[in-house]
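Structure, as structure tokens:
Whatever order the structure lists ligands and atoms in, that order sets their numbers, starting from 1. FYI, side chains are in, hydrogens and waters are out, and symmetry mates aren't considered; it's all heavy atoms of this structure.
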Amino acid sequence: MEEPPRPTLFDFHGVSMIKYFTDNWDNLQNFKARPDDILIATYPKAGTTWVSYILDLLYFGQTSPQHQTSKPLHERVPFLESIMPPHPTGTELADKLPTSPRLIKTHLPVQFVPKSFWEQNCRVVYVARNAKDNAVSFYHFDCMNKLQPEPGDWDSFLNRFMEGKMVFGSWYDHVNGWWEKQQTHSKLHYMFYEDLVEDTGAQIDRLCSFLGLSPSAEEKERITTGSQFDNMKKDKMANYSTFPLMDFTVSPFMRKGKVGDWKNHFTEAQSQHFDEDYKTKKMMKNPTLTLRFRTEL
Ligand code: PPS
């Protein structure tokens, strides 16, 4: 099959987007969420796959273990806004999902989420990652994924990250918008990638108490171990090796899985410029959020 040209970014209601996430807009906005749906929301490259994997194991690891070995994670946890013909759209996949609850992934900024999720009072798990590592991971992803815009060189990419000219818009607005949503939607569990790396078991405990789940100690241990980076990297159903438009010779999807890898990419000058710019962002007005981000452990 001939490769499609790389998509270009355009302004969509004030957010940079590409057609693969806007072309199904009416169906997306009219999506009918169910009260037990669980929405996994993140800015791209913040830990979506990891948390999806954990939730899938928590809910279905015991009842349908054959799913984990036969169905790619991106089919078990549909990507709601995606429309990449000839593949089924995210809304079609979600509509057909036989599971209860349905686990659904999104990268949408909070203001774009279909209103039925709020009307049905669905549980939402949001994962945030520190901006520097998030930018590095996003850069490598854009280099290897032909469905993303051309990344350009690292320096220009980083400048665009600071300007919010990324697919799904500004990291700063995304993490802040979802943080503020907790004020009006109490069923929102806001997590941090760094906390998950530091103590996966403790974060799984917190997730379980949010979800009202009580796995046995052995089951919890199995999930904590099974979802560690090296194990997930080997799992063909989770590591995206079945996805043709990702070029793993450029970079694997499961790349490093570390906190602080930004130090291997940012020059001293880039880091200083980034930190100065960070202080000027609106999200900095929210110290309860900004203090939670850690760029090293
Ligand atoms: S996507 O494409 O937006 O859905 O990507 P996403 O899954 O959000 O983020 C991918 C990054 O998460 C890392 N990852 C993990 N880190 C630690 N442990 C586990 N188990 C794990 N699973 C995924 C993945 O390696 C990407 O980060 P980088 O820094 O690029 O390695």
Side-chain angles (χ1 to χ4, degrees), residues 18 20-21 39-57 68 72-82 84 90 103-109 125-149 151 154 157 161 166-169 171 174-175 178 191-201 203-204 207 222-243 245-248 250-266 295-297:
I18 53 174
Y20 297 130
F21 306 121
L39 189 64
I40 302 164
T42 69
Y43 189 72
K45 313 317 293 177
T48 335
T49 314
W50 194 1
V51 169
S52 302
Y53 196 79
I54 291 172
L55 288 189
D56 185 58
L57 283 174
Q68 276 92 35
L73 188 64
H74 57 262
E75 285 178 27
R76 306 199 299 268
V77 184
F79 186 4
L80 189 63
E81 56 272 24
S82 84
M84 295 167 184
L103 304 176
I104 299 172
K105 152 183 169 171
T106 186
H107 289 317
L108 291 171
V125 176
Y126 186 81
V127 194
R129 185 178 192 180
N130 82 74
K132 286 177 165 174
D133 283 326
N134 207 140
V136 168
S137 183
F138 212 162
Y139 174 67
H140 288 286
F141 185 66
D142 281 8
C143 292
M144 64 84 110
N145 183 352
K146 312 240 169 70
L147 295 172
Q148 287 285 114
W154 163 241
F157 184 91
F161 185 94
M166 297 277 116
V167 182
F168 294 106
W171 175 91
H174 207 282
V175 296
W178 278 97
M191 309 174 64
F192 294 86
Y193 177 92
E194 294 73 27
D195 297 347
L196 258 174
V197 171
E198 187 173 60
D199 190 342
T200 311
Q203 291 305 312
I204 292 181
L207 258 177
R222 208 172 63 83
I223 297 172
T224 307
T225 309
S227 65
Q228 289 309 300
F229 183 83
D230 292 342
N231 290 328
M232 275 183 64
K233 191 177 168 85
K234 282 188 257 164
D235 182 349
K236 285 200 176 58
M237 292 298 135
N239 65 14
Y240 281 92
S241 55
T242 55
F243 214 80
L245 287 164
M246 291 185 186
D247 186 347
F248 276 40
V250 176
S251 174
F253 181 88
M254 298 287 298
R255 196 183 58 87
K256 282 202 178 164
K258 294 259 184 291
V259 180
D261 186 41
W262 64 270
K263 291 178 192 165
N264 298 315
H265 292 77
F266 283 64
T295 51
E296 57 193 320
L297 291 180

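Remark: distances from the non-hydrogen atoms of Y53 to ligand 1 are all 4.0 Å or more. Ligand 1 has at least one atom lying under 4.0 Å from a heavy atom of M254. Residue contacts with ligand 1 include Y193, since one of its heavy atoms falls under 4.0 Å from the ligand. Every heavy atom of K233 sits 4.0 Å or more from the atoms of ligand 1.
Using cut-offs of 30° and 60° on the angle between ring planes, the pair F266 and W262 is perpendicular. Between F79 and F21, the two ring planes are tilted [angle within 30° to 60°]. Using cut-offs of 30° and 60° for the angle between ring planes, the F253 and Y240 rings count as tilted.
Side-chain polar atoms of Y53 and D235 form a donor-acceptor pair below 3.5 angstrom.
By the criterion of a heavy-atom distance under 4.0 Å, neither the backbone nor the side chain of K258 is placed next to ligand 1. The proximity of F141 to ligand 1, defined as any non-hydrogen pair under 4.0 Å, is limited to the side chain.
Considering only non-hydrogen protein atoms, atom 7 (O) of ligand 1 sits nearest to T49 OG1, 2.5 Å. Here the protein heavy atom with the shortest distance to atom 8 (O) of ligand 1 is T48 OG1, 2.4 Å. Atom 19 (C) of ligand 1 has as its closest protein heavy atom W50 CD2, 3.3 Å. Nearest protein heavy-atom neighbour of atom 20 (N) of ligand 1: S227 O, 2.9 Å. With hydrogens left out, the protein atom closest to atom 24 (C) of ligand 1 is F253 O, 3.9 Å, a heavy atom. In this structure, the protein non-hydrogen atom closest to atom 4 (O) of ligand 1 is K105 NZ, 3.1 Å.
The M232 neighbourhood of ligand 1 comprises atoms 20 (N), 22 (N), with distances under 4.0 Å to a heavy atom of that residue. The atoms of ligand 1 that sit less than 4.0 Å from any heavy atom of P44 are 3 (O).
Considering both main-chain and side-chain atoms, G257 comes within under 3.5 Å of ligand 1 through a nitrogen or oxygen pair. In terms of polar-atom proximity, S137 is counted as a contact of ligand 1, with an N or O under 3.5 Å from an N or O of the ligand.
Of the possible polar contacts, none joining the D247 side chain to the M144 backbone as a donor-acceptor pair under 3.5 Å is found.
Shown here for L73 and S52, the closest heavy-atom pair between the two residues is CD2-CB, 4.1 Å.
Qualifying side chain to side chain donor-acceptor pair (under 3.5 Å) partners for Q148, counting only residues two or more places apart in sequence or in other chains: D142.
Residues Y43 and W178 keep their aromatic ring centres 6.0 Å or farther apart. Not less than 6.0 angstrom separates the ring centroid of Y139 from the ring centroid of F161.
Residue M254 holds its CE atom at 7.5 Å from OG1 of T49, rounded to the nearest 0.5 Å. A distance of 9.0 Å separates NZ in K263 from NZ in K132, rounded to the nearest 0.5 Å.
The option with the heavy atom closest to atom 29 (O) of ligand 1, from among H107, R129, K45, is R129.
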